[in-house]
Amino acid sequence: MTQSTLFTLPLYPRGFHIITREVLAAIGELPMEGVLHLFIQHTSAALAINEAADPDVLTDFESLFNRLVPEGMPFLTHTLEGPDDMPAHVKAVIAGSSISIPILDGRLALGTWQGIYLCEFRNRGGSRRLVASVMS
Amino acid sequence: MTQSTLFTLPLYPRGFHIITREVLAAIGELPMEGVLHLFIQHTSAALAINEAADPDVLTDFESLFNRLVPEGMPFLTHTLEGPDDMPAHVKAVIAGSSISIPILDGRLALGTWQGIYLCEFRNRGGSRRLVASVMS
Amino acid sequence: MTQSTLFTLPLYPRGFHIITREVLAAIGELPMEGVLHLFIQHTSAALAINEAADPDVLTDFESLFNRLVPEGMPFLTHTLEGPDDMPAHVKAVIAGSSISIPILDGRLALGTWQGIYLCEFRNRGGSRRLVASVMS
């Protein structure tokens, strides 16, 4: 059985942001056992799972992703929407448009340090729409 | 309940290609609610979700992935199958061997600009086999 | 229906390792049809699917991921846990914290050359905990 919820995140600036609480609030009660699938309906932002303790990690993610896919590469052709656009598409594929997390004992079975990340790659990305699907 | 379909894509050259229509044709009618899981049974091609409007995006994806994992790095040891082989394996892990998309109201709940990509990383990759699993 | 198994991998050194056999041993009998979801409860190691034949591939994965996210970048701020820590977080997001594999005829529907990888990005990562969820 799959139970789906569509919801919109509050507006986040460019960067990496922990959204575990927003996701849990949107989906409501979890089944005892299952898998949560979370999907972002956009092509220049992504979802990921990583450290949710030290905020410095979020800053370093932004720096390292910018190093990985720099703006202004002279060979780019899709440049009309600004220098942050095409790199944002590639970063979104690198991080991925969805994550899946097991549900055990009625809770997300995240590890001690894990949280859900919104990876916002645009300078002005707007509010992002997500679909949460709980499979049980 | 899971319904699986094995199918083979037509031959695509090296590069990024939108295959949303081929995938939908292969799996037939979708349930009202669920999740589509799509898996590629190969190690030098990948699946992703990104912009399906401007073909320039596909060209820039190919350029930026080549910049990310260049061919001919002198430290490589798995080189017997050609200079495009080992970079193709790494690119495949970066993009990923599977994608999952929620199904709402009997349709893939993709965002306005999203489509399904085949990322073909080999010069002569051959036809690629996919497995579609519809979970409902 | 989802059936979950929590298990711990034996200790692996930094690098890429094929763990298909360990995963299959941990989850026991598979249903005829379904999807296996495999999740790692850590933020500096990842799971992936790629070539399981030539061990040179594993070595080259380690080299290419180190080239992709080098240690010692001067702009990093999360450095207290050592120079391998922050790069490990980014590599983990690049490769991903989970994989999903279709199950057909009671077996993982992997391609001929595919196996499951543990990507251990820390110098001393310790034993890693996984959750396997079989959806059928």
Side-chain angles (χ1 to χ4, degrees), chain A residues 1-8 34-48 65 67-81 83 85-101 121 125-136, chain B residues 1-2 16 18 30-38 46-69 90-117 119 133-136:
Chain A
M1 208 187 60
T2 309
Q3 284 255 357
S4 311
T5 314
L6 255 143
F7 63 104
T8 302
V35 173
L36 165 67
H37 179 253
L38 194 66
F39 181 81
I40 189 160
Q41 292 185 311
H42 302 270
T43 60
S44 53
L47 299 171
F65 263 74
R67 188 190 169 281
L68 215 52
V69 190
E71 298 183 4
M73 291 288 105
F75 52 76
L76 293 182
T77 59
H78 179 80
T79 52
L80 266 180
E81 294 174 54
D85 184 59
M86 191 59 224
H89 290 313
V90 174
K91 290 167 179 175
V93 165
I94 293 173
S97 342
S98 71
I99 53 167
S100 300
I101 304 172
F121 297 125
S127 296
R128 303 302 196 169
R129 282 186 322 277
L130 306 188
V131 185
S133 307
V134 175
M135 297 177 277
S136 58
Chain B
M1 208 188 59
T2 310
F16 289 71
I18 296 161
L30 292 170
M32 286 308 284
E33 197 167 351
V35 173
L36 166 67
H37 178 253
L38 195 65
L47 298 171
I49 295 169
N50 214 267
E51 220 223 63
D54 180 2
D56 285 348
V57 169
L58 303 174
T59 313
D60 287 352
F61 259 105
E62 173 67 13
S63 313
L64 281 168
F65 263 73
N66 290 337
R67 187 189 169 282
L68 214 51
V69 191
V90 174
K91 290 166 177 173
V93 165
I94 294 173
S97 342
S98 72
I99 52 167
S100 299
I101 305 172
I103 300 165
L104 290 176
D105 299 322
R107 305 178 53 172
L108 293 185
L110 289 166
T112 315
W113 306 106
Q114 290 180 314
I116 303 174
Y117 280 24
C119 319
S133 307
V134 175
M135 296 176 276
S136 58

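Below, chains carry the letters A, B, ... as their sequence lines are ordered, and counting in each starts from 1.
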Polar side chain donor-acceptor pair, B:D60 to A:H78, under 3.5 angstrom: no
Gap between atom OG of B:S100 and atom CE of A:M135 - 0.5 Å precision: 7.0 Å
Nearest non-hydrogen partners of A:F39 and B:P102, listed with the distance: CG-CD, 3.4 Å
A:I94 side chain reached by B:L68 side chain, heavy atoms, under 4.5 Å: yes
B:L110 side, atom CG; A:T43 side, atom OG1 - distance, nearest 0.5 Å: 11.0 Å
A:H89 versus chain B, the contacting section by heavy-atom distance below 4.5 Å: both
Shortest non-hydrogen contact from B:V57 toward A:M86: O-CE, 3.5 Å
Distance in Å, A:H42 NE2 paired with B:Q114 CD, rounded so as to fall on 0.5 Å steps: 8.0 Å
Spatial distance of atom CD (A:Q41) from atom CH2 (B:W113) [nearest 0.5 Å]: 14.0 Å
Heavy-atom pairs under 4.5 Å with chain A, option from B:P31, B:S136, B:A95 with the top count: B:S136
Closest heavy-atom pair and its distance - B:G34, A:T2: CA-OG1, 3.7 Å
Student check: side-chain heavy atoms of A:L76 and B:L64 closer than 4.5 Å: yes
B:L36 CG to A:S133 OG distance, which is reported to the nearest 0.5 Å: 11.0 Å
Region of B:D54 in contact with chain A, defined by heavy-atom distances below 4.5 Å: side chain
Chain A contacts, top residue of B:N50, B:D56, B:L104, B:I101 (heavy-atom pairs, under 4.5 Å): B:N50
Minimum heavy-atom distance A:S4-B:E33, with the two atoms named: N-OE2, 2.7 Å
A:S98 portion near chain B, given a 4.5 angstrom heavy-atom threshold: side chain
Residue B:Y117 versus chain A: region with a heavy atom under 4.5 Å: neither
Contacting moiety of A:L6, where chain B heavy atoms sit under 4.5 Å: side chain
B:E51 (side chain) donor-acceptor with A:S44 (main chain) under 3.5 angstrom: no
